[in-house]
Structure formats: structure tokens, C-alpha cells
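One structure is given below, encoded as C-alpha cells.
Just so you know, these numbers come straight off a predicted model, no measurement behind them.
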Amino acid sequence: MAQHPIRARMCGFGEKDRRPLDPPPVVRLRVRDSDGEFMHNEDVEIWKFVVSATLWAPTSDHDRSIVINPNTLPGPVPMYQSSSSVISLSEPVKVRNLVGTTVSNAYLLKDENDNVNIFFIFHDLSVRTEGQFRIKFQFAVIPSEDDPRAFVESVAWSSVFEVYSAKTFPGMTDSTELSKAFATQGIKITIRKSSRGRSYHGRFDDNQDDDGDNEDDDDDNDAGPTSPPTPSSGLR
């Protein structure tokens, strides 16, 4: 992981409210050639690479990507002009708990030290419910006519982060240097001058206020390939 999320404000079950994870999660990819040597990032065909994100319990043993919308739970329905009521038999509706763009294409970008790397950026992920979570990132190669099969080639996990209710949310953190570097290269990402100051935005960004309405490099989250790609690769 190039950048771990730290916290967020729950976005609830509305369809328009979004409270992005702060800072936005960023995954870095390193690719080895057939001799086991790291390839130059500029020589890698990144167009066929994707990473998907799913929400998990902090213990990494339960998928938390789906949740029941509490507004659809069965409850008594009053009968007009009567003191009686009936119980709704409607099936509760399951919705995604992790909201936003959960799949990222690869980007060839400079980091905060001007080093060119392959990144996968998840700038608009939100979580509907409060609690502690981790995100599981899975790397795959887009199938081709020559090889129509798709495998999870590598896996990385975020650190545990906290999602708060509106009353307990401590506010957004300062934007990281990595996020600022991405914004200057045209990536849609929110940039804040300070945790309490006004925010400004990367190119093509939507307006957001400081509570997220509408960022340490190289942790030990390397995971070996589940099925070795050619060339071999791994998320960091």
C-alpha cells in the first residue's frame, strides 16, 4: 500500500450523500520480468491491469461489502381509520456498504519524490455504516482473446480504519504529499490546505466541504501472487 485510509464519516443510506475515505487509498504495483528483476515502470503495459476493492472486518475474516438497508426492515404498518396494524412482509433490501468506484485502472504517475510508479487510486470510496474496517485489494489482468481466463494475481490489505457517525467524526486530516502530487497531474482528488482550513481541488474535481461532503509509503503489505502472471507482479 502506498497510502492507507485513516478515517471517514459514514455516508448513511442516501443515494447522493458521499463521505470519502480520508486519505484516499492508493495501491502501488511492482512488476518483475521472467528473470525476477523489477521492470522499468515505463516499459509495462498498464492498460490491462485492474484492482478491485472490497470491505472487510478489521480481523480480515468477514466480508462487509453488503449490508441491509434498515429503512427496508419489516415493521408495523398502520391501518387508516383503525387502531390495528399489519406487519410488512416485504423482503429487506441489501445494498453495497462500500460505495463509490470500487475498481481502478492503472495510472503511471510521479509520487511525491518525483519517482514514476504504477498506481491504483480509490479517491471516492465511502462507507455507509460506522465501525472499524479494512479494505481488501485484488489485482487482476484483463482477459484477452489469447487467454480468456482471469485470476486474482496478488492481494493487498489496508490498515484498519474507523468510520464515524456524524456526531463523533473528528474531521478530515491534512492532505498527504502523495495526494497533492497526484492532483497536480490531473487526478480527481480533493486537496485540503489544513485539517481546519478551506479545501482546494485537483483538476476535474467536484466541490466538497471540509468534513468530506460532497492522504508513508511502503508498508509491509506485499502479498505473493495467487496464480503467477507473466511477467510476475505484486501489490504494495
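For Phe120 and Tyr107, the ring centers are positioned 6.0 Å apart or more. Taking the six-membered ring for Trp, Phe119 and Phe182 have ring centres closer than 6.0 Å.
When only modelled atom types and interatomic distance are considered, Arg134 and Ser60 share a side-chain donor-acceptor pair under 3.5 Å.
Of the possible polar contacts, one joining the Asn41 side chain to the Val116 backbone as a donor-acceptor pair under 3.5 Å is found. Judged by distance alone, with hydrogens and angles left aside, the side-chain atoms of Ser104 form a donor-acceptor pair with the main-chain N or O of Ile121 at under 3.5 Å. Remark: the backbone N or O of Glu37 is not paired with any side-chain donor or acceptor of Asp35 at under 3.5 angstrom. With hydrogens and angles disregarded, no donor-acceptor distance shorter than 3.5 Å links the side chain of Gln185 to the backbone of Leu109. Remark: the backbone N or O of Ile66 is not paired with any side-chain donor or acceptor of Asn97 at under 3.5 angstrom. A side-chain donor-acceptor contact under 3.5 Å links Ser158 to the backbone of Ile135. Checked by atom type and distance alone, the side chain of Ser175 never pairs as donor or acceptor with a backbone atom of Lys180 at under 3.5 Å.
Across Thr173 and Asp22, no two heavy atoms sit closer than the pair N-OD2, 2.5 Å. Annotation for Ile189 and Ala183: closest pair CG2-CB, 3.6 Å, computed over non-hydrogen atoms. Considering every non-hydrogen atom in both Gln3 and Leu178, the closest pair reads OE1-CB, 3.7 Å. Between Arg9 and Val163, the closest heavy-atom pair is C-CG1, 4.1 Å. Across all their heavy atoms, Ala8 and Pro20 have their closest contact at CB-O, 4.0 Å. Taking both residues in full, the closest heavy atoms of Leu108 and Ile46 are given as N-CD1, 3.8 Å, listed atom of the first, atom of the second, then distance.
Within the cation-pi definition used here (under 6.0 Å to the ring centroid, within 45° of the axis), Arg7 does not qualify as a partner of Phe161.
In this structure, NE2 in His123 is found 12.0 Å from CG in Leu21, a value given to the nearest 0.5 Å. From Arg30, atom CZ reaches atom CE of Met39 across 12.0 Å, with rounding to the nearest 0.5 Å. Between Asp111 atom CG and Glu177 atom CD the span is 11.0 Å, to the nearest 0.5 Å. Here the OG atom belonging to Ser154 is positioned 8.0 Å from the CG atom belonging to Leu29, to the nearest 0.5 angstrom. The distance from the NZ atom of Lys136 to the OG atom of Ser65 is 10.0 Å, given to the nearest 0.5 Å. Rounding to the nearest 0.5 Å gives a distance of 7.5 Å between CD of Glu162 and OG1 of Thr168.
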Full working for side-chain contact (heavy atoms from CB on, under 4.5 Å) between Lys94 and Thr72: CA-CA 9 Å; Lys94 295 180 180 179; Thr72 65; over 6 Å; no
Walk me through it: do Val44 and Phe49 pass the test side-chain contact (heavy atoms from CB on, under 4.5 Å)? CA-CA 10 Å; Val44 179; Phe49 297 155; 3.4 Å; yes
Test side-chain contact (heavy atoms from CB on, under 4.5 Å) on Tyr164 and Glu130; report intermediate values, then the result. CA-CA 5 Å; Tyr164 296 85; Glu130 62 181 309; 5.9 Å; no
Please walk me through it: do Met172 and Arg192 pass side-chain contact (heavy atoms from CB on, under 4.5 Å)? CA-CA 9 Å; Met172 306 293 278; Arg192 278 167 292 282; 3.5 Å; yes
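With a 4.5 Å cut-off on side-chain heavy atoms, Asn115 and Lys110 do not count as touching. Using a 4.5 Å cut-off on side-chain heavy atoms (C-beta onward), Arg32 and Phe38 make contact. Counting only heavy atoms from C-beta outward, the side chains of Pro24 and Ser179 approach each other to under 4.5 Å.
Every ring-ring contact (aromatic ring centres under 6.0 Å, His included) that Phe137 has, sequence neighbours left out, goes to Phe122.
Under the 4.5 Å side-chain heavy-atom criterion for ILVMFWY residues, no single connected hydrophobic cluster contains both Met1 and Val50. Hydrophobic clustering keeps Val141 apart from Trp47 (ILVMFWY residues linked when any side-chain heavy atoms are closer than 4.5 Å, directly or through intermediates). Residue Val99 is not grouped with residue Leu125 when hydrophobic side chains (ILVMFWY) are merged at heavy-atom distances under 4.5 angstrom, including chains of intermediate members.
Taking Ile, Leu, Val, Met, Phe, Trp and Tyr as hydrophobic and joining them when side-chain heavy atoms fall under 4.5 Å apart, one finds Val93 in a cluster with Phe13, Val67, Val95.
The 12-atom threshold is exceeded at CD of Glu42, counting heavy atoms of other residues, nucleotides or ligands nearer than 6.0 Å.
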